[in-house]
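Values reported hereafter were calculated over all heavy atoms of this structure, with side chains retained and with hydrogens, waters and symmetry mates removed.
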Amino acid sequence: MTDSKYFTTTKKGEIFELKSELNNDKKEKKKEAVKKVIASMTVGKDVSALFPDVVNCMQTDNLELKKLVYLYLMNYAKSQPDMAIMAVNTFVKDCEDSNPLIRALAVRTMGCIRVDKITEYLCEPLRKCLKDEDPYVRKTAAVCVAKLYDISSSMVEDQGFLDQLKDLLSDSNPMVVANAVAALSEINEASQSGHPLVEMNSITINKLLTALNECTEWGQIFILDSLANYSPKDEREAQSICERITPRLAHANAAVVLSAVKVLMKLLEMLSSDSDFCATLTKKLAPPLVTLLSSEPEVQYVALRNINLIVQKRPDILKHEMKVFFVKYNDPIYVKLEKLDIMIRLANQSNIAQVLSELKEYATEVDVDFVRKAVRAIGRCAIKVEPSAERCVSTLLDLIQTKVNYVVQEAIVVIKDIFRKYPNKYESIISTLCENLDTLDEPEARASMVWIIGEYAERIDNADELLDSFLEGFQDENAQVQLQLLTAVVKLFLKRPSDTQELVQHVLSLATQDSDNPDLRDRGFIYWRLLSTDPAAAKEVVLADKPLISEETDLLEPTLLDELICHISSLASVYHKPPTAFVEGRTAGVRKSLPNRSGAPPPDGEAAAEPQATVIPNQDSLIGDLLSMDIGAPPAPAAAAAATSNVDLLGGGLDILLGGPPAAEISNTGAGLLGDIFGLSGPINTMVQIPKITWLPAEKGKGMEIQGSFSRRNAQIHMDMLITNKAMSAMSGFAIQLNKNSFGLTPTAPIQVPPVQPGQSVECTLALGTGGVVQRMEPLNNLQVAIKNNVDIFYFACLVHSNVLFAEDGQLDKRVFLTTWKEIPAANEVQYSLSGVVGNADTIANKMTSNNVFTIAKRNVEGQDMLYQSLKLTNNIWVLLELKVQPGNPDATLSLKSRSVEVAPMIFTAYEAIIRSS
């Protein structure tokens with residue numbers, strides 16, 4: 001007997017058994033077999049070998065069996081596309097079945113099978129189902145269009161499904177309308193162009209509002225989200241929509257309530273803030289928000305995070321509801337901390353006594369994190385509500401007397417802020433603070449105490465002894481404490497120089513020689529140089545009046561807040577981050593913003609009727625212009641008042657917004673006080689230098705080669721050229737002319753070039769003004785040049801380096817920056833990815849300032865540095881920028897906003913050149 005017996009078995013195996021059961025004539029056996037197949041598939045077994053047998057089971061009237069078979073098909077169609085085609089005929093047949101459930105099931109399954117071959121057969125059944133007499137089939141078909149768009153967007157547009165979907169918005173069944181809205185929203189978000197493929201209008205909105213009352217809760221959410229993306233044409237329409245949405249505030253589902261709040265918050269921006277309707281609507285928003293706080297803790301937390309945004313935008317809505325935010329003993333810590341934050345935001349003169357009483361109670365709780373936040377909250381109350389400051393300080397002193405270590409330390413941190421806010425008012429308590437010096441072990445508390453000693457050294461008799469005691473363990477201190485110690489000792493020396501000389505020398509030695517912290521070393525060297533060179537200047541720098549700290553230091557930046565208000569009831573409103581910060585993919589780049597307030601007064605100094613923007617004339621026959629130039633004629637003089645001919649694509653410019661003429665030019669020729677101290681004098685040009693490139697090769701210039709570049713020196717653009725004679729005879733009689741261009745660049749004087757001998761090279765510079773004739777070029781910074789010598793006239797084109805077009809008066813006031821950023825529509829925002837970024841945010845800011853890109857503000861959000869910058873082009877076009885830099889990450893994101901968004905490519909090119917320059 002051979003060994004083949006080991007390879008044969010009488011047991012056929014599980015797949016074989018299932019195969020025979022699937023082909024059984026009895027319906028019950030068949031159904032049981034399909035159930036077994038689905039069970040095996042669910043637990044991860046490969047049952048794809050049974051594909052033909054399962055597909056054969058589709059021919060049945062049994063709905064349950066059909067559902068199981070369709071489930072199997074959805075799972076395996078992608079791996080077996082050729083086999084899946086076998087099922088197409090059954091799908092098409094089922095789409096015409098008399099049972100609406102089977103028709104809907106067939107079209108839904110076809111939409112879920114992401115196989116191109118099947119998609120081609122889906123169009124006709126889908127078109128019929130969209131017009132089906134049964135609303136259940138129509139609502140299923142509506143969602144199927146969105147799925148098909150995800151597979152093949154061109155097919156949906158070509159086959160006219162978008163128009164059919166839009167027709168379903170007028171459907172008599174509210175659930176069909178809701179699904180059509182959901183599908184259209186999905187398609188608009190997935191649109192490659194970034195612009196909605198289907199625009200909403202007042203007629204469509206009216207139909208949605210009619211369907212709103214009869215939908216399921218999820219249908220209502222889809223409709224409300226769609227309404228949130230609609231901008232009413234006037235205040236009257238906004239008011240009408242508000243009236244019809246307000247009843248949704250009483251809905252039992254929290255998601256519906258928050259979606260309704262989102263729409264109303266957006267529409268409130270369009271209503272006159274002093275109208276009775278606006279006041280009534282504001283009152284109606286409070287009860288539903290309060291009701292959400294009686295839900296389970298998780299829902300409470302989501303509601304509180306959204307309320308936090310609402311309170312920052314419109315504190316009036318909940319100003320009378322302080323008590324609902326008082327902490328309960330059984331609240332989870334995340335709810336407690338969020339309630340605490342909202343309490344501070346709502347605190348005012350009328351309720352401060354109540355709030356302080358609560359906070360003092362919280363400071364005796366057992367939860368350490370909560371107690372710390374409560375103590376900090378008392379300090380925030382003192383800063384926010386001035387009349388309550390004395391009461392808050394008294395409360396903090398009572399807490400210090402408890403001698404609970406972490407309470408004392410938090411109290412000292414907030415008292416430091418109170419001293420900053422109210423100088424020379426509460427300094428009598430310093431002696432009490434000094435009594436607790438030995439108990440401080442946390443860096444922030446120690447740093448705060450050191451700051452207080454240094455700031456009020458003249459009032460503390462033993463200030464030198466106290467600071468000396470800190471210096472004993474200087475190397476072991478946290479960097480934050482070391483920096484404060486260094487500054488405090490220098491302050492003490494400047495106030496009492498006679499008896500603290502040794503102390504200041506000791507601390508400067510520790511900071512500069514014994515420390516490896518670059519920040520500490522740099523500060524130490526600067527103080528050392530200041531003190532040794534000019535003590536008077538040192539006094540001006542170190543003892544300068546400090547700006548008072550603002551009332552609310554943790555408010556979200558206005559443009560971010562407006563964007564988050566548009567995302568209420570979504571994850572963005574819980575994270576307090578825009579979707580772009582945590583979502584990648586197609587919807588991440590869509591940025592939402594609130595509409596401009598209706599009837600709002602224009603910004604200070606803005607004229608009632610803005611002058612119309614001058615339009616750059618189109619490019620006609622440019623070569624004709626060049627050929628007709630009179631090369632020998634003297635150049636047109638640069639206009640003294642360039643503003644009359646310069647183009648202002650902003651429509652009135654920001655000069656109007658600033659309330660007067662343009663700001664004086666910012667000098668970029670010195671290094672300021674510290675430059676003088678370190679012996680730096682004379683002009684310093686740190687603008688990026690772009691190497692020369694060949695503009696006119698010798699073979700085209702009959703032996704004359706021109707290499708060139710552009711630079712900006714002393715607030716003027718220069719065209720720097722190297723002319724090389726590669727011919728056999730001398731060249732002379734040089735003249736140059738520039739064609740009309742986008743920025744009105746024209747020579748301010750004739751070019752001066754001496755005769756160039758064969759084999760010789762000559763450097764020359766042509767100063768350019770911006771008062772010439774303006775004509776739009778493609779690209780914008782294209783410059784066409786004609787140059788003449790004794791041989792011939794030659795023509796060439798070159799690109800002006802964008803950074804030389806950045807004017808010195810491009811720094812905006814912070815308030816004007818925020819207003820302008822908000823006013824420029826979201827459609828005028830362009831994003832650009834930078835790679836290979838070297839250095840931190842401060843290095844980048846300094847580099848940009850040297851090139852007339854001015855940093856207006858800097859923020860750190862979740863470890864990511866945000867730089868807000870402005871620049872002004874020589875033709876008065878303003879550009880606002882937002883740079884996001886992650887420390888240690890070479891990739892950064894640059895967002896640009898401008899009324900003239902076509903300047904974006906040249907700005908991005910310049911930014912990249914500057915950021916990569918050494």
Side-chain angles (χ1 to χ4, degrees), residues 613-614 616 638-670 683-690 710-719 738 741-748 767-772 774 777 780-781 783 799-814 816-817 820-821 824 845-856 867-881 896-911 913-914:
T614 312
I616 294 179
T644 56
S645 62
N646 280 1
V647 180
D648 182 2
L649 292 182
L650 197 61
L654 276 176
D655 296 341
I656 294 171
L657 203 59
L658 288 159
E665 286 190 1
I666 296 164
S667 170
N668 202 27
T669 58
I684 298 170
N685 185 10
T686 54
M687 289 195 86
V688 62
Q689 301 294 314
I690 310 286
F710 291 90
S711 60
R712 189 175 185 88
R713 301 191 291 275
N714 300 323
Q716 187 163 35
I717 301 167
H718 292 269
M719 191 174 180
L738 307 183
N741 53 79
S742 306
F743 295 90
L745 297 177
T746 185
T748 58
L768 303 179
T770 54
V774 172
M777 304 292 285
L780 284 178
N781 54 338
L783 182 66
L799 294 179
V800 180
H801 309 317
S802 313
N803 62 298
V804 304
L805 301 167
F806 299 169
E808 282 70 20
D809 59 345
Q811 184 159 20
L812 281 179
D813 172 72
K814 191 173 182 180
V816 176
F817 181 94
T820 312
W821 185 281
I824 296 174
N846 292 337
K847 204 180 276 188
M848 288 298 154
T849 304
S850 302
N851 288 274
N852 296 338
V853 181
F854 300 95
T855 300
I856 311 301
L867 294 181
Y868 298 92
Q869 300 173 322
S870 70
L871 66 90
K872 178 184 170 188
L873 295 171
T874 52
N875 61 351
N876 293 336
I877 291 176
W878 285 86
V879 177
L880 310 186
L881 300 158
L896 176 149
K897 262 196 171 189
S898 175
R899 301 273 186 206
S900 306
V901 79
E902 59 267 28
V903 301
M906 54 181 271
I907 301 293
F908 291 146
T909 305
Y911 209 99
I914 296 167

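Considering CG of L799 and OG1 of T909, their distance stands at 9.0 Å, rounded to 0.5 Å. Distance check, rounded to the nearest 0.5 Å: CG of D809 to CG of N876 gives 8.0 Å. The distance from the CG atom of L871 to the CG atom of N851 is 10.5 Å, given to the nearest 0.5 Å. The CG atom of L745 lies 6.0 Å from the CG atom of L783; values are rounded to the nearest 0.5 Å.
Considering only residues two or more places apart in sequence or on other chains, S870 meets the side chain to side chain contact (heavy atoms under 4.5 Å, CB included) condition with L812, F817, F854, I856, L880. In this view, F806 satisfies the ring-ring contact (aromatic ring centres under 6.0 Å, His included) rule with no residue, not counting sequence neighbours. Applying the side-chain hydrogen bond (donor to acceptor under 3.5 Å, both in side chains) test to T855 and every residue at least two apart in sequence or in another chain returns Q869. For A913, the side chain to side chain contact (heavy atoms under 4.5 Å, CB included) partners two or more places apart in sequence, or in a different chain, are I690.
Across every non-hydrogen atom of S742 and L780, the tightest pair is OG-O, 2.8 Å. For the pair N781 and S802, the tightest heavy-atom approach, listed with the atom from each and the gap, is ND2-OG, 3.8 Å.
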**Request:** Test R712 against E808 for side-chain contact (heavy atoms from CB on, under 4.5 Å), laying out the working first.
**Result:** CA-CA 10 Å; R712 189 175 185 88; E808 282 70 20; 2.9 Å; yes

**Message:** R899 vs I877, test: side-chain contact (heavy atoms from CB on, under 4.5 Å). Steps then yes/no.
**Reply:** CA-CA 8 Å; R899 301 273 186 206; I877 291 176; over 6 Å; no

**Request:** Would you sort out whether L768 and L738 count as a side-chain contact (heavy atoms from CB on, under 4.5 Å), showing the intermediate values?
**Result:** CA-CA 10 Å; L768 303 179; L738 307 183; 3.8 Å; yes

**Asked** Step by step, would you call Q716 with T748 a side-chain contact (heavy atoms from CB on, under 4.5 Å)?
**Response** CA-CA 10 Å; Q716 187 163 35; T748 58; 3.6 Å; yes

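Side-chain atoms of K897 come within 3.5 Å of backbone N or O of W821 as a donor-acceptor pair. Side-chain atoms of S898 come within 3.5 Å of backbone atoms of W878 as a donor-acceptor pair (strictly under, hydrogens ignored).
Side-chain contact check for L867 versus M848: every heavy-atom pair is 4.5 Å or farther apart. F743 is not listed as a side-chain neighbour of V800, based on a closest heavy-atom distance of 4.5 Å or more.
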